[in-house]
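All chains are named by letter (A, B, ...) in the order of the sequence lines, taking the proteins before the strands, and each is independently numbered beginning at 1. Just the heavy atoms: all of them, side chains too, but no hydrogens, waters or symmetry mates, feed the values below.
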There are 4 protein chains.
Amino acid sequence: MERKSGADLKRMIMDTTRKLLVKDGYGNLSMRKIAREINYSATSIYLHFKNKDALCHALIDEGMAMLLSQQNKIARANKGDVFQRLRALCEGYISFGLKYSEYYEIMFLIHPDFENRFPKASYRRARRNLDLFKMTLDEGIKNGQIDSLDTYATTNAVWASLHGAVSILLARRLDFRIDQNHFINNVLDQIVRSVAYKPTTSVL
Amino acid sequence: MERKSGADLKRMIMDTTRKLLVKDGYGNLSMRKIAREINYSATSIYLHFKNKDALCHALIDEGMAMLLSQQNKIARANKGDVFQRLRALCEGYISFGLKYSEYYEIMFLIHPDFENRFPKASYRRARRNLDLFKMTLDEGIKNGQIDSLDTYATTNAVWASLHGAVSILLARRLDFRIDQNHFINNVLDQIVRSVAYKPTTSVL
Amino acid sequence: MERKSGADLKRMIMDTTRKLLVKDGYGNLSMRKIAREINYSATSIYLHFKNKDALCHALIDEGMAMLLSQQNKIARANKGDVFQRLRALCEGYISFGLKYSEYYEIMFLIHPDFENRFPKASYRRARRNLDLFKMTLDEGIKNGQIDSLDTYATTNAVWASLHGAVSILLARRLDFRIDQNHFINNVLDQIVRSVAYKPTTSVL
Amino acid sequence: MERKSGADLKRMIMDTTRKLLVKDGYGNLSMRKIAREINYSATSIYLHFKNKDALCHALIDEGMAMLLSQQNKIARANKGDVFQRLRALCEGYISFGLKYSEYYEIMFLIHPDFENRFPKASYRRARRNLDLFKMTLDEGIKNGQIDSLDTYATTNAVWASLHGAVSILLARRLDFRIDQNHFINNVLDQIVRSVAYKPTTSVL
DNA sequence: GATGAATGAGGATTCATTCAT
DNA sequence: CATGAATGAATCCTCATTCAT
């Protein structure tokens with residue numbers, strides 16, 4: 001058995017865990033399975049992670065950081081137009097969910113009793129990600145481009161759309177007659193339309 | 001310990017299962033626990049349900065039927081106005097998710113590999129529920145009240161919003177600074193606004 | 001695999017546990033070992049005992065009951081003479097410890113953190129056993145045969161002697177040059193002499 | 001993290017082990033815990049002790065030496081009166097057991113199969129400690145102060161009392177209504193009375 | 001209908017220990 | 001002198017399921 005450097009094995013464990021997560025779901029994740037997959041003894045995992053929760057926590061942290069970094073980049077790259085930025089952020093969120101579904105499951109899809117075992121701090125970071133949406137909405141309100149009485153609540157409603165879309169896609173519950181990209185575009189359109197300022201009725 | 005007739009026991013099992021589901025989540029549901037709870041032997045459950053999957057399947061079926069029946073009633077009760085009906089259906093969906101979270105978890109929230117073990121038929125029935133939304137949208141288009149190029153896709157986008165909202169609430173991941181009802185109203189508003197016809201024609 | 005009646009297996013488990021207890025000590029007692037010994041799966045043990053603690057508890061209870069019943073018998077059989085009764089009770093205690101060393105270990109020798117997990121009630125019964133000693137001493141005081149300012153404390157001091165003797169013998173730490181029975185007799189003599197009334201000094 | 005010289009680390013390991021022993025008991029002692037506690041790797045312990053048994057052995061040896069040295073001092077300090085010396089030795093033994101309970105547990109309380117793994121020599125040294133009692137008794141016999149047909153056996157009976165008292169106290173099994181010091185005094189009284197010469201000759 | 005008896009597989013962890021560096 | 005990497009065996013316990021009664 002060739003010895004890896006500690007960091008390598010740690011990475012390997014995390015990568016494998018994500019792989020199993022997407023294949024079997026959190027409910028079927030087990031330390032033994034991870035060990036089997038990487039051809040190490042289960043005990044070895046405990047050299048790098050205090051326990052199963054800690055391992056998942058590390059994954060969540062990593063996912064949160066990735067998402068936040070990606071969304072920050074997107075926000076910076078779309079400074080000009082509010083709608084364009086909003087749409088890009090939304091698209092980014094969904095893309096992230098689909099591309100890193102392993103992270104997404106553990107970050108947003110698992111049952112609350114699991115969540116409760118984790119330091120709240122970790123989840124607070126999740127909210128920082130929503131702030132990017134909120135800031136965009138706030139800016140749009142100043143511009144008169146966006147219409148919302150409560151951008152806190154609106155941000156969360158937007159998130160609901162995005163989270164719902166990702167969930168449906170990951171659970172492969174989308175009606176098979178509908179093209180996935182077409183669906184995503186519809187979701188994005190819906191979000192943008194729902195926040196866009198509408199002159200109550202045209203003049204007279 | 002009074003013994004129930006066959007049908008009664010079956011009901012009892014299902015009711016208890018739902019109760020446990022809402023208390024502990026699917027991941028912690030076990031045949032033994034159910035048996036203990038109803039003061040029957042674990043074996044007895046197998047007299048009524050082939051196995052754990054079959055029991056859950058029955059629950060899903062029941063949940064689907066309940067949701068469909070509820071939404072049908074709502075649709076009939078709101079024949080008049082399209083927007084009112086749409087909003088009522090949306091509200092109904094969210095209410096159902098919150099009120100019957102046990103059903104909702106098993107119907108929509110558990111991991112796909114679980115779903116795969118079930119007859120697709122059961123899930124097809126889920127889509128019938130979406131048809132009510134689609135019919136409403138279609139009617140709105142005829143009226144000129146609603147704007148959608150593809151009501152299939154729009155229906156699913158609406159569903160994404162609703163499902164996302166329910167998921168966030170059930171997982172208790174809503175920002176604690178936001179009132180739950182306020183959030184729900186925002187989601188409903190957003191949905192309605194996103195499908196409402198907007199005369200592009202600004203002034204002049 | 002022939003099926004035993006529940007009670008039979010339960011007995012078998014308890015008997016085997018005692019056997020292992022005396023062989024390997026509580027620290028090395030494991031459910032697996034018990035199962036292996038009786039040629040049943042470990043799971044089967046859990047059909048009869050909620051967990052390891054419960055199994056040990058049952059053993060403790062049984063041991064306490066046995067000791068108490070034995071000592072009661074001895075007390076009744078030696079109603080006449082106080083010294084004779086005292087000596088018989090002491091002898092009985094030591095005999096019990098040696099004969100049922102498996103019980104004795106779990107009843108009196110294991111570490112307090114284990115004891116803490118058990119209902120205090122069970123240990124209160126242990127004290128009832130000491131009451132027989134105390135009643136004997138009290139009677140002797142009335143007779144003028146026994147000398148003690150505080151029979152509570154004296155009882156416990158007597159117990160210390162007995163418990164120490166049993167512990168030393170069970171741990172096989174008695175000096176090999178000394179015959180076991182000779183040692184026991186010395187302990188008994190010592191106890192009796194230590195409580196016997198002594199005229200402070202002869203007259204004159 | 002300051003590194004210690006070899007001898008220092010060895011001391012540190014032993015001290016920490018004793019600390020853990022008194023906190024969690026032998027059954028919960030683990031090399032890893034020791035290592036964690038001293039901020040060294042588990043492997044480091046093996047540089048100084050062949051294995052867990054050897055570590056415990058060293059502790060036992062140390063404890064035996066301490067006890068012997070203490071008792072020697074007591075004997076020397078009480079050369080004058082036999083009863084005073086006997087009582088002081090007894091008191092010393094009990095005090096040692098209570099004060100150095102970590103040592104006492106490992107020296108006298110753990111299961112024989114553990115003991116068997118140790119060189120008998122170590123335990124023989126334990127007996128040397130009993131010799132101090134025996135010598136005192138022998139001297140008392142010469143004086144006519146003490147009454148014993150076989151001081152070997154009597155010594156061991158005395159030890160039984162002491163060991164029993166310590167065991168009961170360490171296991172916190174003493175009836176809560178009895179004050180600890182009162183109990184100890186009773187045990188000491190009992191020992192002294194049981195060996196004191198009594199003129200059988202009652203009055204005339 | 002109902003159940004007691006039974007199990008194999010698997011769950012998370014912990015342990016003492018070895019070995020190459 | 002010290003350690004990081006690694007493991008096999010063990011720990012308790014839970015689970016879904018079967019089968020004879």
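Look at CG on A:Asp8: it is 16 Å from P on F:dG4, rounded to the nearest Å. One atom, CD1 of C:Ile34, and another, C1' of F:dA10, lie 14 Å apart when rounded to the nearest Å. A straight line from CG of A:Asn39 to C1' of F:dA5 spans 16 Å, rounded to a whole angstrom. Distance, D:Lys10 NZ to F:dA2 C1': 16 Å, rounded to whole Å. With rounding to whole Å, D:Leu47 atom CG is found 17 Å from E:dT21 atom P. Here E:dC15 presents its P atom at 12 Å from CD1 of D:Ile45, a figure rounded to the nearest Å. Put simply, CZ on D:Phe49 is 16 Å from P on E:dT18, counting in whole angstrom units. Between D:Tyr40 atom OH and F:dT3 atom C1' there is a gap of 12 Å when expressed in whole angstrom units.
Looking at C:Leu67 and C:Met107, their side chains come closer than 4.5 Å, going by heavy atoms from C-beta outward. Looking only at side-chain heavy atoms (C-beta outward), B:Asp24 and B:Leu29 stay at 4.5 Å or farther from each other. For the pair A:Glu105 and A:Leu170, the minimum side-chain heavy-atom distance is 4.5 Å or more.
Residues C:Arg11 and C:Asp8 are not paired through a salt bridge, judged by the lack of any N-O separation under 4.0 Å between the basic side chain and the carboxylate.
Between the CE atom in C:Met31 and the OH atom in C:Tyr46 there is a gap of 4.0 Å [rounded to 0.5 Å]. Remark: A:Thr17 OG1 to A:Tyr26 OH distance equals 11.5 Å, nearest 0.5 Å.
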How would nucleotides 8-14 of chain E be written as a contact map, 5' to 3', with B for base contact, S for sugar-phosphate-only contact and - for no contact, using protein heavy atoms under 4.0 Å?
BBBBBBB

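The aromatic ring centroids of B:Phe108 and B:Tyr104 lie less than 6.0 Å from each other.
Applying the 4.0 Å criterion to OP1 and OP2 of E:dA2, one finds that B:His48 has a side-chain N or O inside that range. Of the side-chain N and O atoms in A:Ser44, one or more sit less than 4.0 angstrom from OP1 or OP2 of F:dT7.
B:Lys19 meets the side chain to side chain donor-acceptor pair (under 3.5 Å) test with B:Glu37; sequence neighbours excluded.
Using a distance-only test at 3.5 Å, with no hydrogens or angles considered, a donor-acceptor pair links the side chain of C:Lys33 to the main chain of C:Asn28.
Consecutive Watson-Crick or G-U pairing (both distances under 3.5 Å) extending over three or more pairs maps onto DNA chain E as E:2-21 with F:2-21.
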